[in-house]
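Beneath this line is the structure, given in structure tokens, with notes to follow.
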Amino acid sequence: METLKRNGDFRRAYGRGKSLAAPGLVTYALRNRQGKCRYGVTASKKTGNAVERVRCRRVIREALRTLDEPIRGAWDLVFVARGKTKHLKSTQIQEIMREHLKKLGVIG
């Protein structure tokens, strides 16, 4: 799985993708034509100081890495940390993530 790096890719996911929100995580999903799944993780300054933002991104990446269900098809996934993310563990984020991805049709 590759990472999203370009601002345009993030903006396309925000604008055209489907989204689901929970107190700990927002998930955007958009089909792509790249033939592979790509993901991006963001945390705004509302989340906290730099240390807290980095921890939020790290916890979300770990939850995605240990997700045991395969992702079907080519998707652009963007995960946005929220205010409560810094208080959650990767296993809790993973449960939210799994629920979002099932509802969006990314995983079976």
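In this structure, Met1 is a member of the same hydrophobic cluster as Ile107, with clusters built from ILVMFWY side-chain heavy atoms closer than 4.5 Å. The hydrophobic cluster containing Tyr39 does not contain Tyr14, counting ILVMFWY residues as joined when their side-chain heavy atoms lie under 4.5 angstrom apart, directly or transitively. Tracing side-chain contacts under 4.5 Å through hydrophobic residues (I, L, V, M, F, W, Y), one never reaches Val26 starting from Leu30; they form parts of separate clusters. Using a 4.5 Å cut-off between side-chain heavy atoms of Ile, Leu, Val, Met, Phe, Trp and Tyr, with links allowed through other members, Ile60 and Leu4 fall into different hydrophobic clusters. Residues Leu25 and Phe10 do not share a hydrophobic cluster, defined by chaining ILVMFWY side chains whose heavy atoms lie under 4.5 Å apart.
The shortest non-hydrogen separation linking Arg53 to Thr47 is CG-CB, 4.2 Å. Here the shortest heavy-atom pairing between Cys37 and Gly73 reads CB-O, 4.4 Å. Of all heavy-atom pairs between Met97 and Ala63, the closest is CE-CB, 4.0 Å. Residues Ala22 and Ile96 approach most closely at CB-CG2, 3.7 Å, considering heavy atoms.
Heavy atoms of other residues, nucleotides or ligands lying less than 6.0 angstrom from NZ of Lys18 number 12 at most.
Taking CD of Gln94 as the reference point, atom CG of Leu101 lies at 10.5 Å (rounded to 0.5 Å). For the atom pair Cys56 SG and Leu88 CG, the distance stands at 8.5 Å (nearest 0.5 Å). The CZ atom of Arg12 sits 6.5 Å away from atom CZ of Arg6, with the distance rounded to the nearest 0.5 Å. Distance CD/Glu95 to NZ/Lys89: 12.5 Å, rounded to 0.5 Å.
Here the side chains of Ile71 and Leu77 are in contact, with some heavy-atom distance below 4.5 Å. Side-chain contact check for Val106 versus Thr27: every heavy-atom pair is 4.5 Å or farther apart. Taking the side chain as every heavy atom from C-beta outward, Thr85 and Ile93 approach each other to under 4.5 Å. In this structure, the side chains of Glu69 and Lys102 come closer than 4.5 Å at one or more pairs of heavy atoms. Using a 4.5 Å heavy-atom cutoff, the side chains of Arg31 and Trp75 are in contact.
A salt bridge does not link Arg55 with Glu52: none of the charged nitrogens is closer than 4.0 Å to a carboxylate oxygen.
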Quiz item: Stepwise, does the salt bridge (Lys or Arg N to Asp or Glu O under 4.0 Å) test hold for Glu62 with Arg65?
Solution: CA-CA 5 Å; Glu62 178 63 16; Arg65 187 186 70 80; 2.8 Å; yes
Self-check item: Candidate pair Asn32 and Asp9, rule side-chain contact (heavy atoms from CB on, under 4.5 Å), full reasoning
Solution: CA-CA 10 Å; Asn32 69 31; Asp9 294 334; over 6 Å; no
Practice problem: Dump the intermediate steps for salt bridge (Lys or Arg N to Asp or Glu O under 4.0 Å) on Lys103 and Glu99, then the final yes or no. | Solution: CA-CA 6 Å; Lys103 285 183 181 177; Glu99 180 183 323; 3.4 Å; yes
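With hydrogens and angles ignored, the 3.5 Å screen pairs no side-chain donor or acceptor of Glu2 with any backbone N or O of Lys36. Side chain of Arg98 to backbone of Leu67: no donor-acceptor contact under 3.5 angstrom is found.
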